[in-house]
2 protein chains.
Amino acid sequence: MNNKLTEIRKQLQVDGYKLTPQREATLKILLENHEHLSAEDIYMLVKDKAPDIGIATVYRTLELLSELRIVHKLNFGDGVARYEITDNKEEHHHHHLVCLECGKLEEFEDDLLEDMEKKIQATKNFQIVDHRLSFFGYCQECKDRPRSDRPKAKIE
Amino acid sequence: MNNKLTEIRKQLQVDGYKLTPQREATLKILLENHEHLSAEDIYMLVKDKAPDIGIATVYRTLELLSELRIVHKLNFGDGVARYEITDNKEEHHHHHLVCLECGKLEEFEDDLLEDMEKKIQATKNFQIVDHRLSFFGYCQECKDRPRSDRPKAKIE
DNA sequence: CTTATTGCAAAAGTTTTGCACTATA
DNA sequence: TATAGTGCAAAACTTTTGCAATAAG
């Protein structure tokens with residue numbers, strides 16, 4: 001856990017970047033919070049520890065870390081980019097079921113994509129870092145509910 | 001091809017939406033351009049045919065068509081949402097490879113998800129209508145390019 | 001010391017919204 | 001004619017950038 005921080009610290013040094021307290025604070029937040037955080041989320045969390053940081057610095061740090069492939073920038077299509085430390089192996093098997101009726105989000109685990117990834121890496125010469133899989137449909141409750149009672153969905 | 005327009009026209013009517021010239025013009029553009037178009041792109045193209053349309057109407061039409069699942073809203077992470085007509089047949093086996101370095105989008109076909117869908121429908125009691133699958137990683141060129149030559153991010 | 005990095009505020013860019021007007025069913 | 005839909009302009013957001021001040025190596 002702390003190894004990871006040391007490792008990244010070294011990587012930054014090797015690449016000639018300075019180790020500022022702001023960068024370190026941001027990294028710690030990312031290491032402590034493995035969910036997908038928006039820049040705003042990260043800004044708030046970092047602010048607790050380093051109240052003087054500006055959001056521009058957070059964005060610049062995240063961009064740098066993306067370039068170095070230390071974090072992965074994700075997009076769920078809600079107009080906000082989200083970030084997470086790269087390397088989360090478990091995260092890879094975690095997919096979404098989105099109900100088109102009520103918008104509810106379920107999650108499920110499956111490693112079936114491993115095969116497809118291997119196939120792509122071999123066939124397409126494309127190095128995969130992450131993936132996002134969502135299924136859209138109707139959850140149990142909505143499936144069985146009469147149409148008139150249905151809430152208007154807000155798709156993606 | 002024109003069938004498709006008639007079909008969608010009917011679908012709108014059935015759902016109680018009005019068939020305005022603006023909506024029709026937007027639909028035609030979407031049917032003629034199967035690439036992933038941004039709202040701005042669509043606005044420009046529609047403007048050629050119906051110069052008085054406003055971009056707000058384009059956004060509202062696209063949102064409506066998304067809800068009706070006539071178009072897919074896609075996000076490649078460059079800050080602009082893109083739209084494409086849903087094609088119920090091939091679309092289902094059509095996935096995306098997004099390069100995190102240069103933003104390039106490749107597509108590939110695979111029907112491996114059929115199995116997963118069956119599994120989910122059985123296990124989760126969730127009725128699947130559609131899915132979206134994107135892989136994020138590095139394309140051949142970016143993978144092999146030395147760091148120093150890399151285009152300054154614009155990462156995903 | 002030198003130069004990368006920062007914070008602030010302003011700018012940029014996309015998408016949404018309020019409102020009075022218009023046109024479809 | 002009733003009401004859904006539209007255009008315009010302003011607002012709301014997220015993200016980027018210019019610049020003078022600061023701090024890391």
Side-chain angles (χ1 to χ4, degrees), chain A residues 8-27 36-44 46-47 49-68 71 73-83 152 154-156, chain B residues 8-27 29 36-44 46-47 49-68 70-71 73-83 103 148 151-156:
Chain A
I8 296 171
R9 216 183 257 137
K10 202 181 294 171
Q11 186 179 348
L12 280 173
Q13 274 176 324
V14 165
D15 284 331
Y17 296 102
K18 293 181 179 173
L19 251 57
T20 66
Q22 291 92 333
R23 286 180 180 164
E24 217 167 308
T26 305
L27 270 171
H36 319 300
L37 299 172
S38 69
E40 183 73 25
D41 294 338
I42 294 167
Y43 175 55
M44 293 309 215
V46 174
K47 248 192 150 174
K49 298 186 175 179
D52 285 344
I53 196 172
I55 197 165
T57 299
V58 171
Y59 274 106
R60 284 186 283 229
T61 300
L62 291 171
E63 197 199 320
L64 173 64
L65 296 176
S66 287
E67 278 177 37
L68 297 177
V71 306
K73 186 176 178 183
L74 299 167
N75 232 291
F76 299 117
D78 58 352
V80 197
R82 308 196 181 254
Y83 302 83
K152 245 221 151 107
K154 166 124 191 189
I155 307 261
E156 193 183 355
Chain B
I8 295 171
R9 218 184 256 135
K10 201 183 295 170
Q11 187 180 347
L12 281 173
Q13 274 178 324
V14 165
D15 284 332
Y17 296 102
K18 293 181 180 172
L19 249 57
T20 66
Q22 292 91 334
R23 285 181 182 165
E24 216 166 309
T26 305
L27 270 170
I29 292 301
H36 320 299
L37 300 171
S38 69
E40 184 73 24
D41 295 338
I42 294 166
Y43 175 55
M44 294 309 216
V46 175
K47 248 193 152 172
K49 299 186 175 180
D52 285 344
I53 196 173
I55 197 164
T57 299
V58 172
Y59 274 107
R60 284 185 281 227
T61 300
L62 291 170
E63 197 199 321
L64 173 64
L65 296 176
S66 285
E67 276 177 37
L68 297 177
I70 292 168
V71 308
K73 185 178 180 181
L74 299 168
N75 230 289
F76 303 129
D78 57 353
V80 196
R82 304 192 185 257
Y83 302 83
S148 47
K152 196 68 176 182
K154 207 56 185 172
I155 302 236
E156 195 203 349

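The chains referred to below are lettered A, B, ... by the order of the sequence lines, with proteins before strands, and numbering in each begins at 1.
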In whole Å, I'd like the distance from the [atom1] atom of [X] to the [atom2] atom of [N].
{"X": "B:Leu62", "N": "C:dT17", "atom1": "CG", "atom2": "P", "result": "15 Å"}
{"X": "A:Asp52", "N": "C:dT6", "atom1": "CG", "atom2": "C1'", "result": "11 Å"}
{"X": "B:Tyr17", "N": "D:dT3", "atom1": "OH", "atom2": "C1'", "result": "14 Å"}
{"X": "A:Gln13", "N": "C:dA4", "atom1": "CD", "atom2": "C1'", "result": "15 Å"}
{"X": "B:Tyr43", "N": "C:dG13", "atom1": "OH", "atom2": "C1'", "result": "15 Å"}
{"X": "B:Ile42", "N": "C:dT14", "atom1": "CD1", "atom2": "C1'", "result": "14 Å"}
{"X": "A:Arg9", "N": "D:dA24", "atom1": "CZ", "atom2": "P", "result": "14 Å"}
{"X": "A:Glu63", "N": "D:dT17", "atom1": "CD", "atom2": "P", "result": "8 Å"}

Is the shortest heavy-atom distance from the side chain of [X] to the side chain of [Y] under 4.5 Å?
{"X": "A:Val46", "Y": "A:Thr61", "result": "no"}
{"X": "A:Leu19", "Y": "A:Arg9", "result": "yes"}
{"X": "A:Asp41", "Y": "A:Arg82", "result": "yes"}
{"X": "B:Glu40", "Y": "B:Val80", "result": "no"}
{"X": "A:Thr57", "Y": "A:Thr26", "result": "no"}
{"X": "A:Tyr17", "Y": "A:Leu68", "result": "yes"}

Next item on the list: Assign B:Ile53 to base, sugar-phosphate, or nothing according to its heavy-atom contacts below 4.0 angstrom with the strands shown.
Entry: sugar-phosphate
Item checked: Sugar-phosphate only, base, or nothing, as touched by A:Leu19 at under 4.0 Å among non-hydrogen atoms -> sugar-phosphate
Note to self: Side chain of A:Val80, heavy atoms from C-beta onward: which of D:dT14, C:dT15, C:dT17 has the nearest atom to it?
What the structure shows: D:dT14
Checklist line | Nearest listed nucleotide, side chain of A:Lys18, among D:dA24, D:dG5, D:dT17 | finding: D:dA24
If the cut-off is 4.0 Å, is [X] near the phosphate of [N], judged by side-chain N/O to OP1 or OP2?
{"X": "A:Gln22", "N": "C:dG7", "answer": "yes"}
{"X": "A:Tyr59", "N": "D:dT15", "answer": "yes"}
{"X": "A:Thr20", "N": "C:dT6", "answer": "yes"}
{"X": "B:Arg60", "N": "C:dT16", "answer": "no"}

Check: For B:Gly16 and B:Ala50, take the nucleotide of DNA chain D holding the closest heavy atom to each; which residue's nucleotide lies nearer the 5' end?
Finding: B:Gly16
Next item on the list: Please report how far the helix from C:dC1-D:dG25 to C:dA25-D:dT1 bends, comparing the axis fitted to its first five pairs with the axis fitted to its last five, to the nearest 10 degrees.
Entry: 40°
Checklist line | CD on A:Glu24 to CD1 on A:Ile8, rounded to 0.5 Å | finding: 10.5 Å
Next item on the list: Check whether more than 12 heavy atoms from other residues, nucleotides or ligands sit under 6.0 Å from atom NZ of A:Lys10, and answer yes or no.
Entry: no
Margin query: I want to confirm an ordering. Mapping A:Gly54 and B:Ser38 to their closest nucleotides on DNA chain C, which one lands closer to the 5' end?
Written below: A:Gly54
